[in-house]
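Shown next, in structure tokens, is the structure this report addresses.
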Amino acid sequence: MNDSKAEKIFKALSAVDEELLARSEKKKQAVTSVRRTWEIGLSAAAALLILVGGVYAGVTYRLNNVVDSGSGTPEMTLQMAVATETSEESTEECAVEESAIEESTIEESAVEECVTEESTAGMSEQDARSVKALGEYIPSVMPDGFSFLNAWLEDNVLVAQWRKEDTFLTMRISEESDMTAAKASQSFSPIYEMEELSAEQIPDGKFAVRFRNDILVEIDSDTGKEEIWQILCSIEKR
Amino acid sequence: MLDTEILDLYWKRDERAIAETQTSYGRYCYSIAYHILNNKEDSDECVNDTWLRAWNAMPPNRPSHLQIFLGTITRNLSFDIWKKKKAAKRGNGEMELALDELLECVPMAVTTEELVEAAELERMINTFVHSLPERECNVFLRRYWYVEDCEEIAERYDMKVNTVKTTLFRVRNKLRRYLEKEGIVL
């Protein structure tokens, strides 16, 4: 009864839509792990290549010095010493380079994390429209009462949301040929061809529509069929 | 057993419904209770109470997500137990508990306004959570609905613990700004 402010919010969270809670149950999709494995593999290969290159350069330099200086002269001993030193230096350089690569890999992954963070941090409707290849599928006209809420990029899928009072409309736009996006959108329900679809055929619940250029637009909303049809037509006309 | 089959058992008033629910969702509900209560006995009790509540609620209810339906009951029951235990600790015993029990005698009319406010807050929070990008929304719900710690959330979504913390910090700030903007005073 005498709930603290935090307890009030905790309690209010009990009424969060079941769909969101069900969605949060899903673990991270494997596609990202595969991508990370590739990235780690490529970074390791690049580091190895530079290491081998560095050692090769050091050895070549040393051999050249030996050949050039002949043998048995005091100069040779000096040059051998210099060559050895240079070789050691170059090995050290390699080590430095290697650690630089490691650092840059770490930094890159940190940056990537930031970029991912940024990409899911939300964008304006205008920004969403300017997303290459996908933005043009943001409807130009929304039915009365719908206002834009948020949009973001998620594994090459452009997600946009609108709201009309207590009704939400979520649109997920992706290129069908994009494997990452296709994986991310594997929850797709039935897919309809836009050319063959009519207002009466709009199903209840989540479904997807294939537009020209194999762009998939997934619609998830409890709003009326007429309104959804209006939205789809607005995309088609563009 | 499929959810629809379990639901059918409830609707037929077949007591096997409870055993099947325990098999399918016992661990899930226990996990929710334990995250809130951090105590085995209390969590077990809470899960058993969940089955009783579910039995009384179905019919007339036929939830579309049985798992979440049960989880919500567990969460609410766990929260009530947590509050009682907190009150008992604060008052060092019976006095707080006695007062807490007496509060149950207070006529509901007194709390009508509170109920309206609570319903409004629920609506606002739901709208807010809907407006979040999927990842932020998931992290926020795992922390404040399921009461999971940052390490568990990081493991679930293959994220760094610091990223989880940063995300939560950002979402809390967003929520504060949103509630301020909507004129919600708690």
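Proteins come first, then strands; the chains are lettered A, B, ... in the order of their sequence lines, and each starts at number 1.
To the nearest 0.5 Å, atom CG of residue B:Leu121 and atom NZ of residue A:Lys8 are 8.5 Å apart. In this structure, B:Leu132 CG and A:Leu20 CG are separated by 9.0 Å, a value rounded to the nearest 0.5 Å.
Dense packing is recorded around CG of B:Asn56, with more than 12 heavy atoms of other residues, nucleotides or ligands lying under 6.0 Å away. For CZ of A:Arg23, the number of neighbouring non-hydrogen atoms (other residues, nucleotides, ligands) closer than 6.0 Å is greater than 12. The environment of B:Glu120 atom CD is dense: over 12 non-hydrogen atoms of other residues, nucleotides or ligands sit within 6.0 angstrom. In A:Glu19, the CD atom is not crowded: 12 or fewer heavy atoms of neighbouring residues, nucleotides or ligands sit closer than 6.0 Å. In the displayed structure, B:Arg53 atom CZ is contacted under 6.0 Å by at most 12 heavy atoms of other residues, nucleotides or ligands. Within a 6.0 Å sphere centred on CD of A:Gln126, other residues, nucleotides and ligands contribute 12 heavy atoms or fewer. Taking a 6.0 Å sphere around CD of B:Glu180, one finds it holds more than 12 heavy atoms contributed by other residues, nucleotides or ligands.
With a threshold of 4.5 angstrom between heavy atoms, A:Leu149 approaches chain B through side-chain atoms but not through N, CA, C or O. Proximity to chain A involves both the backbone and the side chain of B:Ser131, based on heavy atoms less than 4.5 angstrom apart. Interface remark: A:Val159 contributes no atoms to any contact with chain B (heavy atom separation under 4.5 Å). Only the side chain of A:Gln161 comes within less than 4.5 Å of a heavy atom in chain B; its backbone stays farther off.
Across A:Ala22, A:Ser14, A:Ala15, the residue that shares the most heavy-atom pairs under 4.5 angstrom with chain B is A:Ser14. With respect to chain A, the highest number of heavy-atom pairs below 4.5 Å among B:Met124, B:Glu117, B:Arg75, B:His65 belongs to B:Arg75.
Identified by a heavy-atom distance below 4.5 Å to chain A, the contributing residues of residues 24-36 of chain B are B:Tyr28, B:Ile36, in residue-number order. Contacts with chain A (heavy atom to heavy atom, under 4.5 Å) involve these residues of residues 139-153 of chain B, listed by number: B:Phe140, B:Leu141, B:Arg142, B:Tyr144, B:Trp145, B:Tyr146, B:Val147.
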ask   = When you look at B:Leu179 and A:Ile9, which way does the side-chain contact (heavy atoms from CB on, under 4.5 Å) test go after all the steps?
value = CA-CA 11 Å; B:Leu179 292 176; A:Ile9 294 178; 4.2 Å; yes

key: From CA spacing to verdict: side-chain contact (heavy atoms from CB on, under 4.5 Å), A:Arg163, B:His130   = CA-CA 9 Å; A:Arg163 180 187 162 197; B:His130 262 285; over 6 Å; no

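Partners of A:Phe10 according to the ring-ring contact (aromatic ring centres under 6.0 Å, His included) rule, which considers only residues two or more places apart in sequence or in another chain, are B:Phe79.
B:Glu134 has no carboxylate O lying under 4.0 Å from a charged side-chain N of A:Lys26, or vice versa, which leaves the two without a salt bridge.
Here salt bridge (charged side-chain N to carboxylate O under 4.0 Å, His left out) pairs that include residues 38-47 of chain B, with residues two or more places apart or in two chains, are B:Lys40-B:Asp44, B:Asp42-B:Lys85.
Between the side chain of A:Asp17 and the backbone N or O of B:Asn126 there is no donor-acceptor pair closer than 3.5 Å.
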